[in-house]
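Scroll down for the structure; my scribbles are underneath it.
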Amino acid sequence: MEYRKIIEKLEEAALHPSKTVTNTIKSTGKSAIGCFPIYTPEEIIYAAGYVPVGMWGGTTTLQLADKYLQSFCCSIMRSNMEYGMKGAYNMLEAVILPTFCDTLKCICENWKVGVPNIPIIPIVYPQNRTLECGYVYMLDEFKRVKVEIERLSGKKIEEKDIEAAFDIYEEYRVTMREFVEIVADYPQIIKTKSRHLIIKAGQFLDKGEYTKDIKAIIDGLKVEEKQTFKGTKIIATGLMSEPVELLEIFDENQIAIVGDDLAQESRQWRTVTRDDEVDVWNKMTSRVADQRGDTFFYEYMKSRGENLIDMVKEKSADGIVVFMMKFCDPEEYDYPIYKKEVEAAGIPMLYLEIDQQITSYEQLRTRIQSFSEMLISREA
Amino acid sequence: MYLGIDIGSSSSKAVILNEDNEIVGISVKNLGTGTKAYKEVITDVMQQANIEDKDIKYTVVTGYGRITFEDADKQITEITCHATGVGYYLDDVRTIVDIGGQDSKVIKLNEKGQVENFVMNEKCAAGTGRFLEVMARVLGCGLDELSNLATKATKQVAISSVCTVFAESEVISRLSAGESIENVARGSHIAIAKRIMGMCNRVGYTPKVVMTGGVALNADMVQVLSTELGCEIEVLPNCQAIGALGAAILARRTYNKLEA
């Protein structure tokens, strides 16, 4: 298939998650397990013969979720709870939930009561993940989740299955790192909204098949001529860059995302697996231990600001855009720390407060357009 | 001739500049986007300048209604336009406080008068002109009477809620408890000033500070905000039409750039 057709296919897949997941279940002949954000060990799910499916909320009218998650809770989690209670996730065999924040911790119990038909498997990540005790705990926790999934499927997951699944995911991560690099060189072809949708589609498709599509897009882009981009280039940070209508405003103003620190995007694959690890469980655990600059992993020397500044320099970006999902406590706690560092480095930064139920975009439009005008006037 | 139009949420403004950069037409109507007021201000400035449509070389539209206005050559945000409009009068401004009908903005300028950073109020009406409209209605006075009433205040009455809806209930409670209208009017100004102060701190304000937008016509509000910020705030001539003036200046600049 011509690479532009693949782009269209993936965009469509990301815009209709429910339909896409149903099709994936049908085409692979596998059942699906939902993965709450973020860092769910998808390799274990994949090794067990399930398709891991991302659960990143969506735009829906909140009618039932308020019973458990009030308006001051994370917008993504409210949508997930609503979808669960409305039956939109009924195609899932189970869900796995990492308890990174207070809202996620609460959901674990709320889900059992509110969505009793879909079993929930929690996974607890250690804060002291760089200490040996934290490392050992993480490794044990991955193995506990494996046993829980085995119990669900009634089949043992062999070591070779985990290794094969890890290899597929490793190939996915390497490919995605290459994808975000090359996309930065072709903002005229893959615009901001398209970039996001292509990446998001991977949440609902079999990773093996999806990686092949991304490779085809990369190959297609490589033969295209690089053109001078007249717009502005930014680095995106936060949980996710949705709703997509927001990204349409970026495209209208010729703003390209040339690099990201988004939980839904590059944070999933940017940490490189250690070369010297042989055992697959150690490979998975060390990827957690080696994460840097992530809101959800405790780090004594907060390196997020430094990482963002480095990305701006490396990509010759004009500024940073913060996608602050309402009301993500960990992200909000991080903001004043990196804001100070980014400002000290003289890098313009736009703060956008977003949620998944936005219906009016005019004020956000003014902010985004003003930021673009500000960046252009600085260049002039 | 160059036309700048600012279609705000609660008022429409237009300015015409001539080739010598002089204002030859300026008009303000207190009806905003969704109404026909923009047509009235355009007709008004054309008559003032004694010109016809064909004499307009370039038009820039700004404000909340800029997206739906189709007759302009270019649309630019009110943040850029206010920064440009302020530069018409003063070149040493570092902070602009623009309180409009629906939005409040604090704009930080660099030494060239360019936008260096900005903050806007969040989606609610706290700290905007709409807040004052609601307060005026509850107090049973006109919006233009609030300032005079507030200057007669004898003590500070705290309106603790920043939410316009809750503040309305709070004001009614205050009045029921026997507080004077004058004291409550001042209290509502203080409530806005504290909200704006928070935005100023976020953006990192420095003098010279000017205030634009319709609320700048409220002298007591300006005074209260000056006290809160700890520095004198200047109010420019035609403060309500600064955005439209900026749009006209940008129309002139853009046209000259295209012609060059």
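Below, chains carry the letters A, B, ... as their sequence lines are ordered, and counting in each starts from 1.
Between Glu362(A) and Ile67(B), the closest heavy-atom pair is OE1-CG1, 3.8 Å. A pairwise comparison of heavy atoms in Gln363(A) and Asp103(B) identifies NE2-OD1, 2.8 Å as the closest pair. Nearest heavy-atom pair across Asn117(B) and Glu343(A) is ND2-OE2, 4.2 Å.
Most heavy-atom pairs under 4.5 Å with chain A: of the set Thr77(B), Ile107(B), Asn110(B), this distinction falls to Thr77(B).
Residues from residues 246-260 of chain B never place a non-hydrogen atom less than 4.5 Å from a non-hydrogen atom of chain A.
Only the side chain of Leu350(A) comes within contact range of chain B, with heavy atoms under 4.5 Å apart. Proximity to chain A involves both the backbone and the side chain of Gln75(B), based on heavy atoms less than 4.5 angstrom apart.
The neighbour count for Lys208(B) NZ, taken as heavy atoms of other residues, nucleotides or ligands under 6.0 Å away, is above 12. Residue Lys194(B) qualifies as open at atom NZ: its count of foreign heavy atoms under 6.0 Å is 12 or below. For Glu70(B), the CD atom is loosely surrounded, since the number of other residues' heavy atoms within 6.0 Å does not exceed 12. Applying the 6.0 Å contact sphere to NZ of Lys67(A) captures no more than 12 heavy atoms from other residues, nucleotides or ligands. Within 6.0 Å of CG on Asp91(B) lie no more than 12 heavy atoms contributed by other residues, nucleotides or ligands.
In this structure, CD on Gln114(B) lies 12.0 Å from CD1 on Ile376(A), to the nearest 0.5 angstrom. Separation of atoms OG (Ser377(A)) and NZ (Lys112(B)) is listed at 9.0 Å; rounding is to 0.5 Å.
Between Glu373(A) and Ile76(B), the closest side-chain pair of non-hydrogen atoms falls below 4.5 Å. Annotation: side chain of Arg367(A) is not in contact with side chain of Ile79(B) (no heavy-atom distance under 4.5 Å). The closest side-chain heavy-atom distance from Arg365(A) to Arg66(B) is below 4.5 Å.
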